[in-house]
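Quick note on labels: first sequence line is chain A, next is B, and so on, each numbered from 1.
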Amino acid sequence: MAKNIIIIGGGPAGMEASARLDALGYTVFLVEKEKALGGHLARWDRLFPEGKPAGPVLDSLVGNLGNTKVLLESDVLSLNRLGDSFRISLSSGVSVIADAVLLTTGFDLFEASKKEEYGYGIYDHVVTNADVEEFFRTGGDPRIDNPQRIGLVHCVGSRDEKAGCRNCSKVCCATAVKQACELKAKFPAATVYCFYMDLRMFGRGYEDLYLKAQKEYGIRFIRGRVSEVSERIDKTLQIKAEDTLSSTPLRVTLDLLVLMAGMRPSREGTKVAKMIHLATGDDGFLSSLDGFGGMQATSIPGLFVAGAATGPKTLPDTIAEARAAASLIHEYLQKS
Amino acid sequence: MTPFYILQTDVPEVIDRIPGAYDHFILPYCAGIIFCLCWLGVGLVRVIANLSSSDRKALLLSFVNPVLIWKNLKDIFCDCLLHTKIWKRKPLLGFMHSAIAFGWFLLIVLGHLEVWLFAPRHLYLDNGSLFYPIFYRYFIWMNPGHTTLRGSLFFFLMDLCLLYVLAGIGLAIFKRFRSRLLGMKHTTKPSLMDRVALYSLWGIFPFRLLAESFTADLAGGSFLTLPANALLRFLFGDNLHFMPWWWAYSIVLGLFFVSLPFSRYMHILTEPLLILLRNAGIKVRHPRKGYAEAEIYACSSCGLCLDACPMNVQKKNLRFSSVYFIRFLRRHNEKKVNRIADKCLQCGKCLALCPVGVDSPAIRRRQRAAYNDRLAFDYSALKAPVPGGVSGAPVAGGGTPAPAGGKVMYFAGCMSHLTPRIIKAVLEVFRKAGEDFVFADENGGLCCGRPLLLAGKDRAAKTVIEANRKMIMESGCTTLVLSCPICLKVFKEEYKLQGIEVLHYTEYMDRLVAEGRLTLRKGEGSFVYHDPCELGRGCGIYDAPRRLVEGVGQLCKAEKEGDESVCCGGSLGSLTLSYDDRKRITAGALDNLLVNHPDRIVTACPLCLKTFSDASSDVPVVDIAELVAESTARV
Amino acid sequence: MIDFGFYLTPSSTIDLDKVDRKAVDDLARADSGIRTCIACGSCTASCTAGVFADTSVRQAILSVLNGRNEKARELLSSCMLCGKCMMVCPRGINTRHLILSIQKYFDGQ
Amino acid sequence: MIYEGKQKIWSDYQKEIPDDHYYYVRSCIRQTFFPASEGALLKITRGILGRDVFENEHHTTCGGIAYHTDTIPHETVMTIVARQFALMHKHGYENYVCSCITSFGIYIETLETWRNFPELEAKIAENLKKTCNLEFAKPKFVVHTSDLIYKLREEIASKAKYKLVNVKTGQPLKVVEHIGCHYSKMFPSKGVGGAEYPYVLAGMVEAWGGEIVDYPERRHCCGFGFRQYLIKANRGYSLSNTHKKFESMEPYEPDFIITNCPGCAYFMDRWQYVIAESQGKTYGENGRGIPVLTYEEVAGLVLGFNPWDLGLQTHQVYVEPLLDKLGIPYEPAKKFLGAKGQDLGCPALPTCLKV
């Protein structure tokens, strides 16, 4: 008899793991709280570094699900261990007994309004990275009204103890540079500034993206964190930062400010972890067994983790982890 | 049938058929040659007028200096007529050029000689001296039965010369379509006037052959024209209409002379002037006027510099070659001139290969200076001692204490400080040879000024040079050893270090070996030696480094070396060449060095060393100093 | 007017609104290095003239971007074009050309 | 500006302010420059609204100015603070209200220091015992007087005779609020509305019918900055800060400025005179400057107090145009009369700043 596996979180990690495990002949239940699969990927327009459209990536993830039983609009009401198996009950009334559970609960975007000095939700022309993706996806956002001076602030809610996150969110630099180029392409006459603390363009092709942004798009990179944003009488934004390269305070007026909201532990993940008594780290992300060989395993036998649930990750990292988790679960179920 | 020749008799050989010495067909030629001569006269006055008064004086003096007179004659004969420079590099091309130039020259000389001998009164202006010798065979008839041996000799010589020229023309036509076979990868694209002149030139001698062949039975001929005449008679019968051919000959001549000043063939007439100016020691001072103008018109647009230019690894860079630079200078295309001037690496290879000796790199520097020398600079800091200079150690700079001590001073230069391996090796050799020396810029020094000169910032360079010069002169040294050829070039040419011998360290080490102060251990490795531009073509130092390399291992050849060595691409000469373009030049230069699969590449310039080291992944790159240091034992 | 013995102090703040964008664009066309600098400081560290005077390509580029053109000119006025910065630049910027371009652009301004 | 966004932040930064029974301490600067404001506070809270606000003559300066100018050490300041609290405790109070923002900052900072470093608290208690022989105590609540007025703003509004409305146009007056830096910038949770968008003064203005204008340099310091002003060599910086704020608010054409900090009220008022006389630049309508009022002065005006009893004649920028807008009657002839009705004489008039 095929063994049951529950995967909580229908983002890229959950879908990729489902597809792999389904292909191995397991009965996979993919639990998603939203109306559709995809997680943040479904709300994204293009992906760094090449600017590949997110849609086809999502479509292929969904297309590979096979016989996976997808349970949408399902909040996890309880998750507990019964001997060697797990029992989950969902808000939709469904309960499942499974032999293994994979948590792919992902991340929440940092709530940009918490950085009060940037005035997200208060000033008319302050948006987030997610808003920009939405703008490109749907083509409309009254806040993005033919801006001629655009600023992007890196590290909003990342590397910021006061915002509750000391860590780097890993993807924001590349996203910011990508969006800077996209905005410049959309509004060719615009002047675009990126305010960064350190540019962490670590991945393959990222530095090329950076060079392209400088050379072809003329993006001005300013090393210095935006410290204060205020709205002027004409609804434009007055930005204050320090140009730390010249150790001089700097001021600029902008028509649009984009905040690169970082990755925070997902509320759902934290909730589910509490139910099953899985520890979280100081940073709030789920704890895996260790950071090397035991990346996908947890302290609880049969409970696995993959993707941004254990900390900020890029999409390729997430998919790789999902595959790794699938293979680990298969090994676990073969032994038991 | 008239006999071929007879012994001289009292009867004139030649019948002055048209004593008035005029026919309408000469008009095109006369118009052309008069226009051309006027144009030349004006041009000559312009060139001379634009020389500085000291240059003019030097020119005048050169005309009374027997050594220079001899040199002028020799150079003009070898360069302008025989084209010995081209012969040396590309014999077939050399033959082509000498055939046309020397052959035509002989035709003119012999033609005039013929007139002098047989119709001397026509050597006077009022009797058609302008055209008579050219169309001699039209104006005279042979007195049948009275041809002398002397006359026949001239017929023979004239036909021989004509054949010589025609062979050259044939090659030229062949080259236009198949230049690679004559050893040229690239040729210039001719302009419209070039084409007019070129096709006229191609036409002149075939038409001359035809015209003279048509009249050969009447006016005489030899092995070429007489059989041709017979052939024509065979083809067309007795009724030969020769007038159209003389018209055609005159027209192409006229066309040639009219188009000449506007075409590349102007070099034929300008090159002698350039030789006179150059031999008088005149240097280029302005990018367009005076000496430069002579150079511009002396350029034959032959395109040998196209193949020479290291930038030509990319076809798009062909347009930055010297030939186009000169062409746009001639056309006063300021925008293109500036772009091309700034792009050049200043490697000097185009000058080394130029058959005319047009110093295009120097003109480019003048062009750069035309704007850049105005740019403001502020070296006031050089006057003050270096703040906190490293523990009072000597630092090269105006106003700072000059290093005292040894008679030998070592000046590493900026670039050597980026390649500490060179400095380390040079110092090691110094120590092994037991030399008492002082290291001038151990704790940092001034730039030598050469990069500023290359950029056209002459005033700024002068200031830097003065500061360095002061430091060196006050040091009391007698020998200055440099590890950077860029420095070497400017120290030798601009510093005027009276009483101080300026040496590159390869010369210095070569001397140490010769004096027995150093012994080299010969090892197994094979090395290819890269001639740095500034060392080889710049300072003419080719042998000393090779002797050193041969002392430590086996020296193998590069595809091109010596004065044809290919720039490494790192040159400070270019102001605008991008890093990507430079990388390709470097790759091309490496290919050139590696044809014989050496174990290591050896060079003698920090810039070449760094450039090649960054690009060469398989073959290690070393500096000669390192080689010497590792193969030397103290004597 | 009364002299109180103290005065409004000029602001040291860089006002990007007042930067001459045309100058930056023109210079970027002349040499893209003005945009591609990553402020690593290699040029300044290796500078020959830097031993004697305040010379820095990195700071000059930054000064132009920040509209401090006079400062850019000053920072380059002691340059000897020796080319060390060009050799060490990790972005492959033709620093000598960039220096000359900046000097030319602001020449006489 | 999205008002709902601000409301959300305001709702996040709610501060508990007791309704009654306060031990009250005064402000050094206000006693000197705006004594009537402190009088008005007591008149409103005690007299009109019937609150118990106790004051006793033994309290002293909090030591803040000396502390911020680096003339006394932290420990000394904390002992002074402990003494103030001990006096409160001695008189049976546990709610502490101070009139000065610098003091408020000092109190909050001291309490936070003690919370984080209990050993320091023990040491200060010992100091207090040794020096003053008083029993160490900490207040249950520390509030600023502007917090108290904010708490009572609706009661004041219900008793108001005037609204912050231009009687000629019927439009609400445009009010710029200026919050003292030490009110919430150091400890955002200790101020009503937090640090970025404080609500304490905005709430009063809204309750009394005015309209708040937000301008880019709203957060910027008034320019006092302790050492910036107190040392003459630095005074240009102080002036420049104020200048920057006025340049930024000028396009909004505010009718007046309300502030909750003694130094701010003073400097934003007086530096307008200095800027006008040294630079020739004036702000406000017809070159008459922008009046700067304390929140008690505004409350007093709204409640129908006589402007001269509120001490508005001590302002550098003349308030008459504002009173006209508000429709508040005043007797120009009585402006410069002393407490006993004697004529104090009109001060010399500025040349650039119009009156």
Side-chain angles (χ1 to χ4, degrees), chain B residues 342 368 371-372 374-387 389-390 395 397-398 400 413-415 417-419 441 443-457 460-461 463-464 467 486 570-572 574-583 606-607 610-611 614, chain C residues 27-38 42-57 60 69-109:
Chain B
D342 286 353
R368 292 173 185 185
Y371 191 99
N372 293 356
R374 297 208 319 257
L375 296 175
F377 60 91
D378 178 8
Y379 297 151
S380 51
L382 301 186
K383 294 196 184 83
V386 181
V390 189
V395 173
T400 53
C414 305
M415 283 300 165
H417 280 284
L418 276 185
T419 48
D441 55 344
N443 299 305
L446 286 188
C447 179
C448 63
R450 174 82 176 149
L452 283 166
L453 286 176
L454 288 171
K457 292 188 78 171
T463 314
V464 174
I486 303 168
S571 166
L572 293 177
S574 174
L575 302 180
T576 53
L577 208 57
S578 75
Y579 180 58
D580 286 338
D581 284 349
R582 284 172 183 271
K583 274 198 292 195
L607 199 51
K610 191 153 173 51
T611 309
D614 290 348
Chain C
L27 278 168
R29 260 191 297 281
D31 196 307
S32 63
I34 199 152
R35 291 210 199 280
T36 57
C37 170
I38 53 173
S42 303
C43 49
T44 315
S46 64
C47 182
T48 296
V51 179
F52 301 90
D54 201 4
T55 319
S56 169
V57 183
N69 301 337
E70 189 44 43
K71 176 142 192 250
R73 241 163 59 109
E74 278 168 24
L75 282 164
L76 298 178
S77 66
S78 42
C79 167
M80 302 181 212
L81 291 174
C82 75
K84 276 172 91 179
C85 47
M86 187 172 85
M87 298 305 289
V88 297
C89 177
R91 266 281 202 249
I93 297 172
N94 187 345
T95 49
R96 295 173 77 237
H97 180 241
L98 184 60
I99 291 164
L100 280 169
S101 301
I102 292 173
Q103 286 180 339
K104 277 187 200 176
Y105 196 84
F106 299 117
D107 182 38
Q109 278 190 16

Could you tell me which of [options] has the largest number of non-hydrogen atom pairs under 4.5 Å with chain B?
options: C:Asp31, C:Leu100, C:Val88; result: C:Leu100
options: C:Cys89, C:Cys79, C:Ala49; result: C:Cys79
options: C:Ser101, C:Gly83, C:Ala53, C:Ser78; result: C:Ser78

Does any N or O in the side chain of C:Asn94 come within less than 3.5 Å of the main-chain N or O of B:Tyr579, such that one atom is a donor and the other an acceptor?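 No; judged by distance alone, with no hydrogens or angles, the pair does not exist.
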Without swapping roles, check the side chain of B:Arg374 against the backbone of C:Asp107 for a donor-acceptor pair under 3.5 Å.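 It does not hold such a pair.
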Heavy-atom contact with chain C under 4.5 Å, split by part of [X]:
X: B:Arg582; result: side chain
X: B:Asp580; result: neither
X: B:Thr463; result: neither
X: B:Lys457; result: side chain

Which pair of non-hydrogen atoms, one from [X] and one from [Y], has the smallest distance, and what is that distance?
X: C:Ser77; Y: B:Tyr379; result: O-CE2, 3.7 Å
X: B:Leu572; Y: C:Cys82; result: CD1-O, 3.2 Å
X: B:Met415; Y: C:Lys84; result: CE-N, 3.6 Å

Between [atom1] on residue [X] and [atom2] on residue [Y], distance to nearest 0.5 Å:
X: B:Thr419; Y: C:Met87; atom1: OG1; atom2: CE; value: 8.5 Å
X: B:Leu375; Y: C:Ile102; atom1: CG; atom2: CD1; value: 12.0 Å
X: B:Leu382; Y: C:Met80; atom1: CG; atom2: CE; value: 5.0 Å

Check whether any side-chain heavy atom of [X] sits under 4.5 Å from a side-chain heavy atom of [Y], and report yes or no.
X: B:His417; Y: C:Thr48; answer: no
X: B:Phe377; Y: C:Gln103; answer: no
X: B:Leu577; Y: C:His97; answer: no

Residues B:Asp378, C:Glu74; criterion side chain to side chain contact (heavy atoms under 4.5 Å, CB included); working and verdict: CA-CA 8 Å; B:Asp378 178 8; C:Glu74 278 168 24; over 6 Å; no
